[in-house]
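Notes to accompany the following structure.
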Amino acid sequence: TTLKKTKKSESLPQLKMDPFFLAMQKYRRRQYDECIEMCDQLLEKNDRDQAAWFMKTRALTRKNWIDDIEVDEEGVGDILMDENATQAVPRPGTSF
């Protein structure tokens, strides 16, 4: 038997992935900008695609997420300039 050498692209059919599935994979990998771009492309074709809108809003929310813990942390200046600290010298006329 003789085997013909063929290119891989000739022997395998070209498969295209579902664009929404690819957008979901980008979201799972925290590649939010790419996910948003893919959702925009889907929405250009069909602006009533609820799944694409949902995925886009989730990606936008995760991209712009602000962690509340970071906001509540006190800086060095806040710790040093604490208004509740006691005075080094007592006020005149008081017994402390």
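Along the sequence shown, residues carry numbers from 1. These numbers come from the heavy atoms of this one structure, side chains and all, not from hydrogens, waters or symmetry mates.
Rounding to the nearest 0.5 Å places CZ of R29 at 12.0 Å from SG of C35. The CZ atom of F20 lies 11.0 Å from the CD atom of Q25; values are rounded to the nearest 0.5 Å. With rounding to the nearest 0.5 Å, the separation of CG in L22 from CG in L42 is 9.5 Å.
In this structure, W65 is not a member of the same hydrophobic cluster as L60, with clusters built from ILVMFWY side-chain heavy atoms closer than 4.5 Å. Both Y32 and M55 are part of a single hydrophobic cluster, where members link through side-chain heavy atoms under 4.5 Å apart.
For the pair R62 and Y27, the minimum side-chain heavy-atom distance is below 4.5 Å.
The side-chain contact (heavy atoms from CB on, under 4.5 Å) search around L43 returns D49, A52, W53, K56, not counting sequence neighbours. With sequence neighbours left out, Q41 forms a side-chain contact (heavy atoms from CB on, under 4.5 Å) with no residue at all.
Between R28 and the options Q31, R30, M24, a side chain to side chain contact (heavy atoms under 4.5 Å, CB included) holds for only M24.
Grouping Ile, Leu, Val, Met, Phe, Trp and Tyr by side-chain contacts under 4.5 Å, direct or through others, leaves F54 on its own.
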